[in-house]
Amino acid sequence: MFECIGHKDSVTCATFSHDSSMVATGDMSGLIKVWKVEDTKEIWSFEVADLEWLEWHPCAHVLLCGTADGNTWMWKIPSGECKTFQGPNCPATCGQFLPDGKTAVVGYEDGSVRLWDLKQGSTLHVLKGSDAHSGPLTCVSSNADGSLILTGSVDCDTKMVNTATGKVVGVFRTESNVSKASKREEGEAETNSVESVGFCSVLPLAAVGYLDGTLAIYDVSTQTLRHRCQHESGIVQLLWEDNSPVIYTCSLDGAVRLWDSRSGKMISEYCGHSAEILDFALNKDASIVVTASGDHKAKVFCVQRPDR
C-alpha cells in the first residue's frame, strides 16, 4: 500500500491506532512518525531519546512511548500536544496504557514499576525496594478491566499487582527459577528471563513465557502453576486469543504454536521460517497470524479451523 520512508535507524516499532486510521512507526534513534492510512501521508513526527517502546491509546489518537533516558512521553496526534513523565535515571524498558485510558504502567531497567495518572502527570503508585524486581523489566500486561497487572523481568519473577492499591498480590516463579539461586552462588551463567506475560479474558488464568522455552500457565485466584508447556527454544512473545482459552506463542526456533490453556496441550504448530521469529500479531477474529523473522521475511499464516 505504501512505504513509511525517512527513518534513520532500525525501525523497532510499527503499530496501528485503535481505529486503524493511523500508523505510528519508531526507530531506535528515537525518531517517531505517524502516517494517515487513507492518503498514505506523514501527518506528524517527533524525535526523542533512544526509543524503547511505542503504544497507542485504546480508544483515542494518543501515543505513549518510553525512552532510554527514563522518560515516558504522551502526545495527542496530530496536534502534538505533549506531556512527559519523568522516571528514574534509567531506561523505561516497557509500558502500556491501562484499559481505562487514564492510567499507564511503566517498567524500568532498575526493576521499579510506576503507575502514572496521565491527566495529573503524577505517579499513583511506585513499586520499589522489596516490591520491585531485582533486574530490568521486560514486559507488562493488564487484565481486561485493568484491576490487575503482570510485570515480568530478567530476574525470572512475574509479579501480579493490584492497580488500585499498588500492592504486589502475587509472585509467580518456576521451579527452574528456584534452583537458579543456588546456581547463581556457584557462578554459573544465567540464561533465563521472563519474555512475555498476559491474562486470559475468559478464565482466571495468566500465562508467562520464558527465554528457556517454558510457557507457564498459572491460576490467578489460587496462584498455583496449572501447566508447563515446554518449547525447544526460547519464547519471544505470547498472545491470548480474545474471548478464548487459547494461547499463541512465537519462539526462537521460528515456529508459531497454539496451546489450550485448560489442558496444557499443543493444538497446532505453524512452521516456515528459517530463523527466529522476532514479533507476531493476531487479527481480531483470530483467523490470521502475521510473523516477522530474522530470515528477512514476514509470513501470513491462516490459523482458522472449523472446530475452533
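- The local environment of CD in E232 is sparse, with at most 12 non-hydrogen atoms from other residues, nucleotides or ligands closer than 6.0 Å.
- Closest approach of L64 to A104, counting heavy atoms only: CD2-CB, 3.7 Å.
- Between the T72 side chain and the G66 main chain, no donor and acceptor come within less than 3.5 Å of each other.
- Side-chain atoms of E109 and P88, non-hydrogen and from C-beta on, never get closer than 4.5 Å to each other.
- Note that the CH2 atom of W35 and the OG atom of S21 stand 15.5 Å from one another [nearest 0.5 Å].
- A side-chain donor from one of E195 and S193 sits under 3.5 Å from a side-chain acceptor of the other.
- Residue M266 qualifies as enclosed at atom CE: its count of foreign heavy atoms under 6.0 Å is above 12.
- Under a 3.5 Å cut-off, the side chain of N192 and the backbone N or O of D212 do form a donor-acceptor pair.
- The heavy-atom pair separating L63 from W44 by the smallest distance is CD1-CZ3, 4.1 Å.
- Residue Q223 places its CD atom among more than 12 non-hydrogen atoms of other residues, nucleotides or ligands, all under 6.0 Å distant.
- Applying the side-chain contact (heavy atoms from CB on, under 4.5 Å) criterion to S142, with sequence neighbours excluded, gives Q96, L98, P99, I149.
- Heavy-atom contacts from other residues, nucleotides or ligands closer than 6.0 Å to CG of D285 number more than 12.
- Minimum interatomic distance between L205 and D219 (heavy atoms only, all atoms of both residues): CD2-CA, 4.1 Å.
- Judged by distance alone, the side chain of S10 and the main-chain N or O of T12 form no donor-acceptor pair under 3.5 Å.
- Between the side chains of S251 and R257, a donor-acceptor pair is found at a separation under 3.5 Å.
- Between D260 and K265 no salt bridge is recorded (no basic side-chain N to carboxylate O distance below 4.0 Å).
- The closest donor-acceptor contact from the side chain of S293 to the backbone of E276 lies under 3.5 Å.
- Side-chain polar atoms of T224 and T222 form a donor-acceptor pair below 3.5 angstrom.
- Here the side chain of H133 pairs no donor or acceptor atom with the backbone of S112 at under 3.5 angstrom.
- In the displayed structure, Q230 atom CD is contacted under 6.0 Å by more than 12 heavy atoms of other residues, nucleotides or ligands.
- Residue pairs meeting the ring-ring contact (aromatic ring centres under 6.0 Å, His included) criterion with at least one partner in residues 216-244, sequence neighbours excluded, are F172-Y218, H231-W259.
- A donor-acceptor contact shorter than 3.5 Å links the side chain of S153 to the backbone of G135.
- Between I32 atom CD1 and L51 atom CG the span is 5.0 Å, to the nearest 0.5 Å.
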**OP:** Test side-chain contact (heavy atoms from CB on, under 4.5 Å) on L115 and T163 and set out the steps.
**Re:** CA-CA 8 Å; L115 277 156; T163 55; 4.3 Å; yes
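- Atom NE2 of H273 is separated from atom NE2 of H296 by 12.0 Å, given to the nearest 0.5 angstrom.
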**OP:** Could you walk me through whether Y270 and V303 pass side-chain contact (heavy atoms from CB on, under 4.5 Å), step by step?
**Re:** CA-CA 9 Å; Y270 297 89; V303 294; 3.5 Å; yes
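- Between W73 and F85, the distance from one ring center to the other does not fall under 6.0 angstrom.
- With ring centers used as reference points, W56 lies 6.0 Å or more from F16.
- Partners of E3 by side-chain hydrogen bond (donor to acceptor under 3.5 Å, both in side chains), not counting sequence neighbours: none found.
- Closest heavy-atom contact between A206 and L150: CB-CD1, 3.8 Å.
- In summary, K8 and E47 engage in a salt bridge, as defined by a charged side-chain N under 4.0 Å from a carboxylate O.
- Put simply, the side chain of V140 does not reach to within 4.5 Å of the side chain of V197, judged on heavy atoms.
- Remark: side-chain polar atoms of N283 are paired, donor with acceptor, to backbone N or O of I288 under 3.5 angstrom.
- Linking Ile, Leu, Val, Met, Phe, Trp and Tyr whenever their side-chain heavy atoms come within less than 4.5 Å puts L124 and V113 in one cluster.
- Across F280 and C250, no two heavy atoms sit closer than the pair CD2-SG, 3.4 Å.
- A donor-acceptor contact closer than 3.5 angstrom is absent between the side chains of Q237 and T249.
- Taking the six-membered ring where tryptophan is involved, the planes of H61 and H18 are tilted, since the angle between them lies from 30° to 60°.
- At least one donor-acceptor pair under 3.5 Å links the side chain of K83 to the backbone N or O of K119.
- Side-chain atoms of N143 come within 3.5 Å of backbone N or O of L148 as a donor-acceptor pair.
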**OP:** Determine, step by step, whether T25 and H7 satisfy the side-chain contact (heavy atoms from CB on, under 4.5 Å) criterion, reporting the C-alpha distance in whole Å, the side-chain angles of both residues, the deciding distance to 0.1 Å, and the verdict.
**Re:** CA-CA 9 Å; T25 57; H7 279 290; 2.7 Å; yes
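- Here the OG1 atom belonging to T67 is positioned 9.0 Å from the CH2 atom belonging to W53, to the nearest 0.5 angstrom.
- The line from CD1 of I235 to OG1 of T214 is 7.0 Å long, rounded to the nearest 0.5 Å.
- Crowding of K299 atom NZ: a count of heavy atoms from other residues, nucleotides or ligands under 6.0 Å exceeding 12.
- A distance of 9.5 Å separates CG of D117 from NZ of K102, quoted to the nearest 0.5 Å.
- For S196 (side chain) and G209 (main-chain N/O), no donor-acceptor pair under 3.5 Å exists by modelled atom type.
- Scanning all heavy atoms of the two residues, the minimum distance from G294 to A275 falls at C-CB, 3.7 Å.
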